[in-house]
Amino acid sequence: MDLYSSFFIQFMFAFQKVYQKIETFIFSTHIARITNELNTTHFNEVKANFSEKINIWSGGTKIGESLMQFNREFGKRYVNHQTVVIILSDGWDTGNPEVLSEAMETLHKQAHKILWLNPLAGNPNFQANTVGMQAAMPFISHFAPVHNLESLKQLGKMI
């Protein structure tokens, strides 16, 4: 995911400019709300300040624990039956798959839909067979690749 992280931050910066009611979080081993960091006029400001404020990259990914933390700390405030949750992740989870399944089930019950965008899914040989993806799949409304501009254009059709 390191390869895609900078691109996704820029993507979410642009996305946040288009949609008024959007909250943005990032996660690896824990979750962090970055809505305010992205709420600036120029992306150069985001790039300059981002690495100082958020230091959670390259430490493995505990998707289940991160989503549990999200549900506990932010879920009731930000998620309801009108909310579209977008998860950008390759699905490689180093945590307990049962925790991921439970966190996804909770999120699924609260949200309108969950979109999971996976940068690896653009590979024609991709199979969502990691333990993390298998735990999450029953609760995902739409699973799609997000590896190039065309795949990003398709995102608008899913929302």
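The figures here come from the full heavy-atom set of this structure, side chains too, leaving out hydrogens, waters and symmetry mates. Not measured: the values here are computed from a predicted model.
Residues Y78 and T83 come closest through the heavy atom pair O-OG1, 3.5 Å. Taking each heavy atom of A121 and P145 in turn, the nearest pair found is C-CB, 3.6 Å. Shortest non-hydrogen contact noted between L120 and W92 is CD1-NE1, 3.6 Å. Nearest heavy atom pair, residue G64 against residue A103, reads O-CB, 3.8 Å. Nearest heavy-atom pair, H112 versus H81, reported as atom, atom and distance to 0.1 Å: CB-O, 3.0 Å.
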Quick one: do M68 and R72 satisfy side chain to side chain contact (heavy atoms under 4.5 Å, CB included)? Show the steps, please. CA-CA 6 Å; M68 281 287 217; R72 234 182 2 262; 4.1 Å; yes
For Q110 and N71, what are the C-alpha separation, side-chain angles and deciding distance, and is it a side chain to side chain contact (heavy atoms under 4.5 Å, CB included)? CA-CA 10 Å; Q110 290 179 298; N71 290 338; 4.2 Å; yes
Is there a side chain to side chain contact (heavy atoms under 4.5 Å, CB included) between M12 and I26 once you walk through the steps? CA-CA 10 Å; M12 293 311 300; I26 58 172; over 6 Å; no
Test side chain to side chain contact (heavy atoms under 4.5 Å, CB included) on L67 and L100; report intermediate values, then the result. CA-CA 7 Å; L67 291 178; L100 176 55; 4.0 Å; yes
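Looking at Q134, its side chain does come within 3.5 Å of a backbone N or O of A128 through a donor-acceptor pair. Side chain of S66 to backbone of K62: a donor-acceptor contact under 3.5 angstrom is found. Side-chain atoms of Q16 come within 3.5 Å of backbone N or O of T35 as a donor-acceptor pair. A donor-acceptor pair is defined here as one N or O able to donate and one able to accept, closer than 3.5 Å; such a pair exists between the side chain of Q69 and the backbone of I31. Of the possible donor and acceptor atoms, one in the side chain of T94 sits under 3.5 Å from a partner among the backbone N and O of T61. Remark: the backbone N or O of D90 is paired with a side-chain donor or acceptor of N118 at under 3.5 angstrom.
For the atom pair S89 OG and F27 CZ, the distance stands at 4.5 Å (nearest 0.5 Å). We find the CE-CZ distance between M133 and F143 to be 4.0 Å, quoted to the nearest 0.5 Å. Remark: T106 OG1 to F139 CZ distance equals 8.5 Å, nearest 0.5 Å. In this structure, N36 CG and T24 OG1 are separated by 10.0 Å, a value rounded to the nearest 0.5 Å. In this structure, CZ in F13 is found 8.5 Å from NE2 in H42, a value given to the nearest 0.5 Å. For the atom pair CG of N39 and CD1 of I22, the computed distance is 11.0 Å after rounding to the nearest 0.5 Å.
Linking ILVMFWY residues whenever their side-chain heavy atoms come closer than 4.5 Å, directly or via other members, leaves F126 and V131 in distinct clusters. Follow the hydrophobic side-chain contacts under 4.5 Å out from V99 and you never reach F74; the two are in separate clusters.
Residues F25 and E73 form no side-chain contact, since every pair of their non-hydrogen atoms from C-beta on lies 4.5 Å or further apart.
The side chain to side chain contact (heavy atoms under 4.5 Å, CB included) with L115 is formed by just one residue from the set I86, V85, V146, I140; it is I86.
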